Asks: 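Quick one: this structure, given as structure tokens, is what I'll be asking you about.
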Amino acid sequence: MEVGHIFPSILLVGLVLLQVNADLGEDRQALLEFVKKLPHSRSLNWKESSPVCNNWTGVTCNEDRSRVIAVRLPGVGFQGSIPPSTLSRLSALQVLSLRSNGITGGFPDDFFNLKNLSFLYLQYNKLSGPLPANFSVWHNLTIVNLSNNRFNGSIPSSFLNLTRLAALNLANNSLSGEIPDLNLPSLQQLNLSNNNFTGSIPMSLRRFPNSVFAGNNIPFESSPPVSPVLAPSTVPSPNSRNARGLSEAAVLGIIIAASILGLVAFVFLIIVYCSRKKSKEDEYSAKFQKGGMSPEKVVSRTQDANNRLTFFEGCSYAFDLEDLLRASAEVLGKGTFGMAYKAVLEDATTVVVKRLKEVNVGKRDFEQQMEVVGSIKHENVVELKAFYYSKDEKLMVYDYYSQGSVSAMLHGKRGGDRIPLDWETRMRIAIGAARGIARIHTENAGKFVHGNIKSSNIFLNSQRYGCVSDLGLSTIMSPLAPPISRAAGYRAPEVTDTRKAAQPSDVYSFGVVLLELLTGKSPIHTTGGDEIIHLVRWVHSVVREEWTAEVFDVELMRYPNIEEEMVEMLQIAMSCVVRMPDQRPKMSDVVKMIENVRQPETENQPSSGKGSESSTPPPPAMGRES
Ligand SMILES: *[C@@H]1O[C@H](CO)[C@@H](O)[C@H](O)[C@H]1NC(C)=O
Ligand SMILES: *[C@@H]1O[C@H](CO)[C@@H](O)[C@H](O)[C@H]1NC(C)=O
Ligand SMILES: *[C@@H]1O[C@H](CO)[C@@H](O)[C@H](O)[C@H]1NC(C)=O
Ligand SMILES: *[C@@H]1O[C@H](CO)[C@@H](O)[C@H](O)[C@H]1NC(C)=O
Ligand SMILES: *[C@@H]1O[C@H](CO)[C@@H](O)[C@H](O)[C@H]1NC(C)=O
Ligand SMILES: *[C@@H]1O[C@H](CO)[C@@H](O)[C@H](O)[C@H]1NC(C)=O
Ligand SMILES: *[C@@H]1O[C@H](CO)[C@@H](O)[C@H](O)[C@H]1NC(C)=O
Ligand SMILES: *[C@@H]1O[C@H](CO)[C@@H](O)[C@H](O)[C@H]1NC(C)=O
Ligand SMILES: *[C@@H]1O[C@H](CO)[C@@H](O)[C@H](O)[C@H]1NC(C)=O
Ligand SMILES: *[C@@H]1O[C@H](CO)[C@@H](O)[C@H](O)[C@H]1NC(C)=O
């Protein structure tokens, strides 16, 4: 009886699955044909054997992983025209970015099959010919960037039908004719500069600043001054959510920009890099055209020019240095080795960028060290995604953790939106961080050193276990003078030169982090007066006087039955911070000791890789729409 019921439903499930796989299989085939037919200089990790979704560089799938919805391949070094009937078969595609490549030919006719396309980035290519007359079939187009190409002809009137269009950039092409009266209420950003437009500025577009129309044969009337970046939308739109969101963002932007001077430096860098990169690229393509170099050489050099950010294998991000430097950036803080910024890319991917100061080694040594760091994939080690090395600038790119560091969680302003860290979480932080450091210590034949363990370099992974960051830098940086800084509170007494940090000194620093978790106190802090207190010495003195209970963070007092565990953890911490390096336990032993105290509740099987995967920001979505 039962079997009779089950069988058809299995069949049904099977059929549904087949359908899903068929669509995804079709998408995969289309993508493979696309890269096979279009020469490119940077290799892509698109292997037949690996899953398309969340594995192939630049490819994003929908939630149930049945269709490809975004393809982002900036700066891959594509040369030639887009092969017909390849990308156009990705019928569920919503985001397409092929910018900063060398794509030639006309606007692909068959893109009209991409009915759901909402974001189109084709800037910085060599596309030519007219813009398609049929633009209006893409009702959903929200951002269109075709700037810095060689399109000619006029703007087709079908643009008038793009009611959702929020940003249109056609700058630096050879477009001509009159500018149509684009009365699009949701249009927030426009740039038509450096074309060959004639006539006058239509009424509906006078709300934009003159710079938008510069470099054309258009006379400027003296128009009322408007905001230089975002034009206020004069036409109240029915769904003005978009408009309000943007102007709020603009106000915020101004406040942030005004208050954070560091940003100015960053923006300056952006400009320097963009212009440098462009001129380099031009140089290469000029060489290529003259045929002055063997093709192979050109390929490797263009690769160098395009792909100056070095990504690690398996990284699913797709952006180039230009994107990164153009991204909106926010200072996160000043670390031991330089400033850290939060960068939000055009597609809403959020990453942390560290600018290293005072790197003390040459390019080869730096790269070697980065290769080791980047090869460590562990759920308790923050993954290094990419790095960049030039004479003047050294950058590292990490995942962004929105909750902030353990230091912020412990020592952030009380009262504000800081939630007290419960004991369970503190245990998980300790276990996770210990496992991460133990993993790091197995690298380089068991000699690799983290070198900068402190609570501001520990984050929570998706399972809320500790996860360590900023490893392997101390040996390649100039030695730091030992000031009375936060970092000094973590430094083992034997470490006089930061480059000579060793595994036992990592154990010491970890012990200080444990004490921080137990006491809720910073490693170096002042009491009421000017007296500077070293956490390790303070704990020693309190414990020696048998006031053990006084040591613990008052915030922990509310949790019942944890006293014993706290005392055991205190003992482990104390064994890590003993004075003689050779008397400290090995990190692998520390892991066992902490696991012996207790397996934190609901701990799953150590699931490899999961942590770093879900700690990546949510799929860079169509965020701009809402
Ligand atoms: C387009 O998107 C909508 C929802 O966003 C979806 O229902 C529809 O199936 C998509 N079309 C295609 C061809 O994938
Ligand atoms: C446009 O997007 C909406 C959801 O955002 C979707 O429902 C609709 O199918 C899309 N339109 C087209 C023509 O695909
Ligand atoms: C315009 O779109 C229609 C269908 O929407 C199609 O039949 C026609 O070929 C397209 N024209 C051009 C020039 O792409
Ligand atoms: C656009 O450029 C092509 C050559 O690239 C030329 O044949 C065509 O006439 C131009 N069209 C316009 C409208 O200038
Ligand atoms: C705009 O869309 C309407 C209906 O969808 C169509 O009749 C009209 O021809 C389109 N206008 C242009 C300029 O494409
Ligand atoms: C389009 O690309 C240009 C050049 O890369 C960039 O400056 C501009 O911000 C982009 N505009 C939009 C709306 O994405
Ligand atoms: C157009 O090109 C000029 C010079 O190459 C550049 O300065 C400008 O930023 C470009 N405009 C846009 C919108 O990309
Ligand atoms: C711009 O248009 C004028 C005629 O209107 C033409 O003489 C000139 O060659 C065009 N310039 C470019 C760069 O296309
Ligand atoms: C438009 O692009 C030009 C350079 O091509 C730039 O100078 C101008 O500031 C841009 N305008 C806006 C509003 O982005
Ligand atoms: C991609 O797939 C390959 C082979 O299946 C695997 O080795 C690799 O770890 C995967 N990368 C990611 C980011 O999932």
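The basis for the numbers below is simple: all heavy atoms, side chains too, and nothing from hydrogens, waters or symmetry mates. What you see is a predicted model, and the numbers here were worked out from it, not measured in a lab. Residue numbers count from 1 along this sequence. Both counts, for ligands and for their atoms, begin at 1 and track the order of listing.
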Asks: Taking ring pair (Phe, Tyr, Trp, His ring centres under 6.0 Å) as the criterion, tell me which of W46, W56, F78 meets it with F34.
Replies: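 Considering W46, W56, F78, a ring pair (Phe, Tyr, Trp, His ring centres under 6.0 Å) with F34 is found only for F78.
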
Asks: Measure from the ring center of W138 to the ring center of F111 and say whether it is less than 6.0 Å.
Replies: no

Asks: Using distance alone, with no hydrogens and no angle criterion, decide if R150 and T104 have a side-chain donor and acceptor under 3.5 Å apart.
Replies: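 The criterion, which ignores hydrogens and geometry beyond distance, is not satisfied for T104 and R150.
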
Asks: Going by the order shown, which atoms of ligand 7 are within less than 4.0 Å of some heavy atom of N148?
Replies: 1 (C), 2 (O), 10 (C), 12 (C), 14 (O)

Asks: Given a heavy-atom cut-off of 4.0 Å, could you list the residues near ligand 4 in chain and number order?
Replies: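 Shell around ligand 4 (4.0 Å, heavy atoms): N152, G153.
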
Asks: Check the side chains of S118 and N140 for a donor-acceptor pair under 3.5 angstrom, ignoring hydrogens and angles.
Replies: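 Absent: no donor and acceptor within the cut-off.
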
Asks: Side chains of D181 and S204: is there a donor and an acceptor less than 3.5 Å apart?
Replies: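 S204 and D181 do have a side-chain donor-acceptor pair below 3.5 Å.
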
Asks: Polar-atom distance check: Y124 versus ligand 6, any N or O pair below 3.5 Å?
Replies: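 No - when backbone and side-chain N and O of Y124 are compared with those of ligand 6, no distance drops under 3.5 Å.
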
Asks: I need the atoms of ligand 6 closer than 4.0 Å to a non-hydrogen atom of S147, numbered in the order shown.
Replies: 1 (C), 2 (O), 3 (C), 4 (C)

Asks: Side chains of N149 and N173 only: does a donor on one sit below 3.5 Å from an acceptor on the other?
Replies: no

Asks: If only atom types and distance count, is the side chain of N45 paired as donor or acceptor with the main-chain N or O of T57 below 3.5 Å?
Replies: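 Indeed, once roles are kept as given, a pair shorter than 3.5 Å links the two residues.
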
Asks: Go through ligand 6 atom by atom and flag the ones less than 4.0 Å from a non-hydrogen atom of Q189.
Replies: 13 (C)

Asks: Please list every donor-acceptor pair under 3.5 Å in which a side-chain atom of residues 80-88 meets a protein atom from a residue at least two apart or in another chain.
Replies:
| from | atom 1 | to | atom 2 | distance (Å) |
| --- | --- | --- | --- | --- |
| T86 | OG1 | P83 | O | 2.7 |
| S88 | OG | D110 | OD2 | 3.0 |

Asks: On a heavy-atom basis, which atom in L182 and which in L205 lie closest, and how many Å separate them?
Replies: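 Result for this residue pair: O-CD2, 3.7 Å.
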
Asks: N194 heavy atoms, cut-off 4.0 Å: which ligand 7 atoms fall inside?
Replies: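 Contacts of ligand 7 toward N194, numbered from 1: 1 (C).
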
Asks: Would you mind listing which atoms of ligand 6 come within a distance below 4.0 Å of any non-hydrogen atom of A167?
Replies: 13 (C)

Asks: Under 4.0 Å from a heavy atom of A171: which atoms of ligand 7 are those, numbered in the order shown and with their elements?
Replies: 13 (C)

